[in-house]
Amino acid sequence: MTPDEFRRYGYQAIDWIAGYLANPERYPVFPSVKPGQLTDSLPARGPERGEPMEAILADFERLIVPAMTHWNHPGFLAYFANSAPAEGILGELLAAALNGNGMLWKTAPAVTELEQVTLRWLRQWSGLPEDWFGLIYDTASVASMHAIAAAREAADPQSRTRGAAPGLVVYTSEQAHSSIEKGAIAVGIGQENVRKIPTDAAFRMLPEALEAAIGRDLASGLRPCCVSATVGTTSTTSVDPVPLIADICERHGLWLHVDAAYAGSAALLPEFRWAFAGCERADSFVTNPHKWLLTPMDCSVFYTRRPEILRRAFSLVPEYLQTSDDSRAVNLMDYGVALGRRFRALKLWFVLRSYGREGLAAVLREHVRLAQELAAEVDAHPQFERTAPSPFSVVCFRYRGTDDENRRILECVNASGEVFLSGTVLHGRFTLHLAVGNLGTTRAHVQKAWERVQSAAGGPG
Ligand SMILES: Cc1ncc(COP(=O)(O)O)c(C=O)c1O
């Protein structure tokens, strides 16, 4: 492609993005495609000869876009809704142009240093300890896997050379994200050695049950090594009692990881600092700007106060990657499995600079306000009940009927294409989960969802 052609198609692509961002609601939030439909509409074999960009862009619009669930749609209220605002998209576009690979400082100084700078800003805005070391992974699942690997390294320094010793145990709550269990699988600790600690009525880990489980394992000769607490669990956004869990970890010398993948963004708001009490005592902490901090997929921020352990677990430098030592030249490949790393900090920098702390805080506050308003309406409705406290921007609620009725309500609401909710099971009962997290979501979208839920249940609305 010549520079002139790039300009032409580039402007065309930007025009398309601008139109999409201006009116994402022209597409149903949830597509009506069937599994395999897109595959069947595309050639079974790749083209022998290059095709014209007109044809590729036309097929993007004709085939790809209609097969998308539109996360950037303001009616997206499922899971943890997220946003890719224009500022973040520009950062991502420019990162692709630079095509930097930040494996070593010298292979991309800006990739390495901007990551350190943006993560310092975020740490300061979030009230997290100044001396924490931060780096960006793709997802919280991968970040937590690295936390568990570091915990294993701290408990069993030989694991790196001879594999994981049998008997290491990881603790998390029964409400924790499945990534903690997957992390234990990945580093060879094994699923059977993950204890899912019971939670209280508000879905928070019971510290006395954690203490008892550790005691039982010690008595049977096992080796507890890591506790993963959650600030903002996936189903209900409950907050584990981190200060009490930190006490237990300190008493037993265990690595404390905090998974704040969604709720970590709320640390920017002084009124939510209560949720992060005790996190300053953690060994590691993960938060995903790609969930609630207006950063396009993917960007997961990982902090640790013990980077030397993470480095001990993963640093392996072959001849062809040797580089001269300089205390200011961080080589990020030393802190994880991946050698190559994308320039994820660029889009984060664009977002942090263009919104500023106050701008981001205003968006988060509005999301919380919308969720709290819905929570109050659900509480006031005789045929609905809230199924969990709603500390942040997620509301879990259900029709006071059977699970099947609630599942039908969800299907019916999502079939509208106007809004998209998800479901979960709490205390054995199916429940609706509505998350406000998209930049474009307004009161009208939340009200539309609530009205559709009520009418699907056969009530007013
Ligand atoms: C608490 C929590 N941790 C981890 C994850 C996994 O996030 P990722 O998709 O970045 O791996 C999620 C996803 O929703 C989550 O809610």
Within a radius of less than 6.0 Å around OH of Y9, do more than 12 heavy atoms belonging to other residues, nucleotides or ligands occur?
yes
Heavy-atom side-chain proximity of P24 to F76 below 4.5 angstrom:
no
Answer whether the closest heavy-atom distance between the side chains of F276 and V258 falls below 4.5 Å.
no
Is it the case that over 12 heavy atoms from other parts of the model lie below 6.0 angstrom from the CZ atom of F6?
no
Does any N or O in the side chain of T118 come within less than 3.5 Å of the main-chain N or O of W349, such that one atom is a donor and the other an acceptor?
no
Would you find more than 12 non-hydrogen atoms of other residues, nucleotides or ligands less than 6.0 Å from E271 atom CD?
yes
Is the ring centre of H367 less than 6.0 Å from the ring centre of F392?
no
Can you see which heavy atom on V351 is nearest to which on G88, and at what distance?
CG2-CA, 3.8 Å
What verdict does the side chain to side chain donor-acceptor pair (under 3.5 Å) test give for S144 and H257, after you've listed the backbone C-alpha separation in whole Å, the side-chain angles of each residue and the deciding distance to 0.1 Å?
CA-CA 8 Å; S144 292; H257 175 58; 2.9 Å; yes
Can you tell me how far the CD1 atom of I148 sits from the OG atom of S228, to the nearest 0.5 Å?
6.5 Å
Any donor and acceptor pair, going by atom type alone, linking the side chain of N438 with main-chain N or O of N82 inside 3.5 Å?
yes
Evaluation steps, salt bridge (charged side-chain N to carboxylate O under 4.0 Å, His left out), between D156 and R162:
CA-CA 10 Å; D156 177 27; R162 58 120 167 78; 2.9 Å; yes
Can you list every salt bridge (Lys or Arg N to Asp or Glu O under 4.0 Å) pair that touches residues 249-265, not counting sequence neighbours?
E211-R251, E250-R281
Around Q322, counting heavy atoms of other residues, nucleotides and ligands shown, do more than 12 lie under 6.0 Å from its CD?
yes
Evaluate the side chain to side chain contact (heavy atoms under 4.5 Å, CB included) criterion for residues S126 and L268: first the C-alpha distance (whole Å), next the side-chain angles of each, then the deciding distance (0.1 Å), finally the verdict.
CA-CA 5 Å; S126 308; L268 265 65; 3.6 Å; yes
Cationic N near anionic O, under 4.0 Å, R311 to E308:
no
Side chains of V142 and S300, heavy atoms from C-beta outward: is any pair under 4.5 Å?
no
When rounded to the nearest 0.5 angstrom, what is the spacing between CD in E174 and OG in S235?
11.0 Å
Side-chain (D200) to main-chain (R204) donor-acceptor, under 3.5 angstrom
yes
Would you compute the distance between atom OG1 of T233 and atom CG of D240 and round it to the nearest 0.5 angstrom?
7.5 Å
Is any side-chain heavy atom of T295 closer than 4.5 Å to a side-chain heavy atom of L352?
no
Do any N or O atoms from the side chain of N331 and from the backbone of W105 form a donor-acceptor pair under 3.5 angstrom?
yes
Can you name the closest pair of heavy atoms from Q116 and G134 and give their distance?
NE2-O, 3.3 Å
Residues E280 and W132: side-chain donor-acceptor under 3.5 angstrom:
no
Go through the side-chain N and O atoms of N288 and H290 and say whether any donor and acceptor fall under 3.5 Å apart.
yes
Decide yes or no on ring pair (Phe, Tyr, Trp, His ring centres under 6.0 Å) for F203 and H427, but give the supporting numbers first.
CA-CA 9 Å; F203 306 100; H427 293 317; 4.6 Å; yes
Looking at A202 and S238, what are the two nearest heavy atoms and their distance?
O-CB, 3.3 Å
Just by modelled atom types, is the A78 backbone N or O under 3.5 Å from a matching donor or acceptor in the S422 side chain?
no
Assess the pair H70 and F420: is the distance between their ring centroids shorter than 6.0 Å?
no
For the residue pair P31 and M68, establish whether any side-chain heavy-atom pair is separated by less than 4.5 Å.
no
One should read off an interatomic distance between H433 NE2 and L426 CG, to the nearest 0.5 angstrom, of 10.0 Å
With salt bridge (Lys or Arg N to Asp or Glu O under 4.0 Å) as the test, pick out the partner of E115 among R342, R341, R344.
R341
Please check if the number of heavy atoms outside R365 that lie under 6.0 Å from its CZ is greater than 12.
yes
Looking at every heavy atom in both F430 and G423, which two are closest together, and how far apart are they?
CZ-CA, 3.8 Å
Flag the pair C225 / I189 as yes when at least one side-chain heavy-atom distance between them is below 4.5 Å, and no otherwise.
yes
For the ring pair H146 and Y137, is the centre-to-centre distance below 6.0 Å?
yes
Shortest non-hydrogen contact between V194 and A184, atoms and distance
CG2-CB, 3.4 Å
Between K347 and D298, is there a donor-acceptor pair closer than 3.5 Å when you use the side chain of the first and the backbone of the second?
yes
Would you call R353 and E87 a salt bridge, taking side-chain N to carboxylate O under 4.0 Å as the test?
no
Apply side chain to side chain contact (heavy atoms under 4.5 Å, CB included) to the pair I89 and L21, showing each step before the final yes or no.
CA-CA 11 Å; I89 294 170; L21 293 180; 3.9 Å; yes
Going by the side chain to side chain donor-acceptor pair (under 3.5 Å) test, name the single residue among T387, T424, T236 that passes it with T431.
T387
Distance (rounded to the nearest 0.5 Å) between C396 SG and L434 CG
9.0 Å
For L421, is there any backbone N or O sitting under 3.5 Å from a side-chain donor or acceptor partner on N414?
yes
Working for side chain to side chain contact (heavy atoms under 4.5 Å, CB included), residues V33 and L38:
CA-CA 8 Å; V33 287; L38 176 65; over 6 Å; no
Does V169 offer a backbone N or O that forms a donor-acceptor pair with the side chain of R195 under 3.5 Å?
no
With a 3.5 Å distance limit and no angle check, can you tell me whether H252 reaches the backbone of L254 through a side-chain donor-acceptor pair?
no
Output the distance between atom CE (M333) and atom CE (M103), rounded to the nearest 0.5 Å.
8.0 Å
Answer with yes or no after comparing the ring centroid distance for Y335 and F133 against a 6.0 Å cut-off, counting only values under it.
yes
Should V231 and F285 be marked as a side chain to side chain contact (heavy atoms under 4.5 Å, CB included) after you check the CA-CA gap, both sets of side-chain angles, and the distance that decides it?
CA-CA 10 Å; V231 173; F285 179 96; 5.6 Å; no
Under 4.5 Å between any side-chain heavy atoms of E130 and Q124, yes or no?
yes
Is there side-chain contact between S265 and L364, with heavy atoms separated by less than 4.5 Å?
yes
Under 3.5 Å, is there a donor-acceptor pair between the side chain of Y303 and the main chain of L119?
yes
If you look at every heavy atom in A266 and F272, which pair is closest and at what distance?
O-CB, 3.4 Å
